[in-house]
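None of these values were measured; they are calculated from a predicted model. In what follows, chains are A, B, ... by sequence order, proteins preceding strands, each numbered from 1.
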Number of protein chains: 2
Amino acid sequence: MRISQLAERTGVPVHTLKYYLREGVLQPGTPTSRTSADYGEEHVERVRLVRALVEHGGVPVAGVRTIVEALEAPPPSRHELLGTAHCTLAGPGGDEGPGEVVADLLEGLGWRVWADGPFAAALGRAVEAARAAGAPLSEDVLRRYAEAMRAVAEVDLDLALAAGSPAEAMHRVVVGTVMVDPVLLALRRVAQEAASAERA
Amino acid sequence: MRISQLAERTGVPVHTLKYYLREGVLQPGTPTSRTSADYGEEHVERVRLVRALVEHGGVPVAGVRTIVEALEAPPPSRHELLGTAHCTLAGPGGDEGPGEVVADLLEGLGWRVWADGPFAAALGRAVEAARAAGAPLSEDVLRRYAEAMRAVAEVDLDLALAAGSPAEAMHRVVVGTVMVDPVLLALRRVAQEAASAERA
DNA sequence: GACACTGGAGAGTGCCACTATCCATCATGG
DNA sequence: CCATGATGGATAGTGGCACTCTCCAGTGTC
């Protein structure tokens, strides 16, 4: 299929597809001549993935590139898969520690996590920002939130481990992480309505 | 306190404070002459709130204005409070229905929610986008996610109802919704690491 | 051989959160 | 009493980002 047909199939303008090719988030087609290339179903899927990540996931195009590069690289062992995916998604964030609050929380929960990793640090920053804005995030509240998100993570792991191949598992972790986030946040609001109605 | 002192206290440049005044997200100080005004502690707190919402919450400045307007308006009754806060936070989103998947899900869970509200619609859109990107979101998976977020919502409700005044409850709902979202997402990633380590 | 289409590259657009400039008006010190 | 400097107010400029447009020479197609 030619680029104009790819544009028609995906609903994305040709100009934007060229832009994606330039930015390296869409793999080039197999050239059929010096001025034309052939695109297949994998390109259609890639375009859908890019649009989903950029539009609904809020990922910048440069971030999409590192993600698709990780998806194309030979998949790591099942144990390293999650770490690799997380490092890809977190990007080269700051390397400061998680902060005392988060360290205490993780120890209290007994979670065996990478305490100096990018997400523990991100958690510390998010907690600090929320508290600076006036949110009453006591240690007990954080623990209850953490236990609820642990249940979410169990579902995530079930989905990833049910994948047929390591490559598919990687894809599921990345897409599931980025694209399911908005689903969870929307569920939170709807659940608030339900809980409020039930208590009334 | 003068605007330069407010800038010093909050670490925000004077130019930016003027910009916030123009955009209506920072309330004007009490004028002491035609070329000076007096700012108090409530302005310091407001600036912190605005910075938190814009920087860490990803809320556009125009959205911050509707939020602070809702916070300044006379607080609604306790039963309407959540709905008012949600409508403020959701903005004038599309008014299409939630979609069949979400309607089935909510009915299966037995949640009494505003099925035509903005968040049910947002949930439908998020689920569609995630599926378009290739996430395997079966109805069963959605139900498990929903139950976990229900636990989160119970914590949210506890926090809001523990507020001393309706105005404080409103503040807690808004800040808790916007600023706790990143905390939850960070917790999800950390919980994934913990769950993965435990299963290894 | 006319014409549309292709890949490639540079420059322009629109949005947004600032950020800088300019100016008349006070506020204060010498 | 006037020079200096901060203030509020308005206008315009900046930088980042995701496109989007324009141009080009080289095909494929009729």
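The footprint of chain B on DNA chain C, defined by a heavy-atom cutoff below 4.0 Å, extends from C:dA17 to C:dA27.
Of the residues in residues 37-66 of chain B, those with a non-hydrogen atom less than 4.0 angstrom from any atom of DNA chain D are B:Ala37, B:Tyr39. Within residues 2-12 of chain A, the residues approaching DNA chain C are A:Arg2, A:Ile3, A:Ser4, by heavy-atom distance under 4.0 Å. The stretch residues 15-26 of chain A touches DNA chain C through A:Lys18, A:Arg22, each having a heavy atom under 4.0 angstrom from the strand.
Of the possible polar contacts, none joining the A:Asp38 side chain to the A:Thr30 backbone as a donor-acceptor pair under 3.5 Å is found. Looking only at distances, a side-chain donor or acceptor of A:Thr177 sits under 3.5 Å from a matching main-chain atom of A:Val173. At distances below 3.5 Å, at least one donor-acceptor pair connects side-chain atoms of A:Arg46 with backbone N or O atoms of A:Val25.
For A:Glu55, the side chain to side chain contact (heavy atoms under 4.5 Å, CB included) partners are A:Arg51, not counting sequence neighbours. Under the ring-ring contact (aromatic ring centres under 6.0 Å, His included) criterion, B:His56 pairs with no residue at all, not counting sequence neighbours. Qualifying ring-ring contact (aromatic ring centres under 6.0 Å, His included) partners for A:Tyr145, counting only residues two or more places apart in sequence or in other chains: none. A:Glu139 meets the salt bridge (charged side-chain N to carboxylate O under 4.0 Å, His left out) test with no other residue; sequence neighbours excluded. The ring-ring contact (aromatic ring centres under 6.0 Å, His included) check on B:Tyr19 picks up nothing, with sequence neighbours excluded. Legend: residues meeting salt bridge (charged side-chain N to carboxylate O under 4.0 Å, His left out) with A:Glu45, ordered by chain and number and at least two apart, are absent.
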A:Met179/B:Leu137 under side-chain contact (heavy atoms from CB on, under 4.5 Å): CA gap, chis, key distance, verdict
CA-CA 10 Å; A:Met179 299 303 297; B:Leu137 278 183; over 6 Å; no
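Among residue pairs with one or both ends in residues 169-194 of chain A, those qualifying as salt bridge (charged side-chain N to carboxylate O under 4.0 Å, His left out) are A:Glu168-A:Arg172, A:Asp181-B:Arg188, A:Asp181-B:Arg189, A:Arg188-B:Asp156, A:Arg188-B:Asp181, A:Arg189-B:Asp181; sequence neighbours excluded. Among residues at least two apart or in separate chains, there is no salt bridge (charged side-chain N to carboxylate O under 4.0 Å, His left out) pair with a member in residues 21-30 of chain A.
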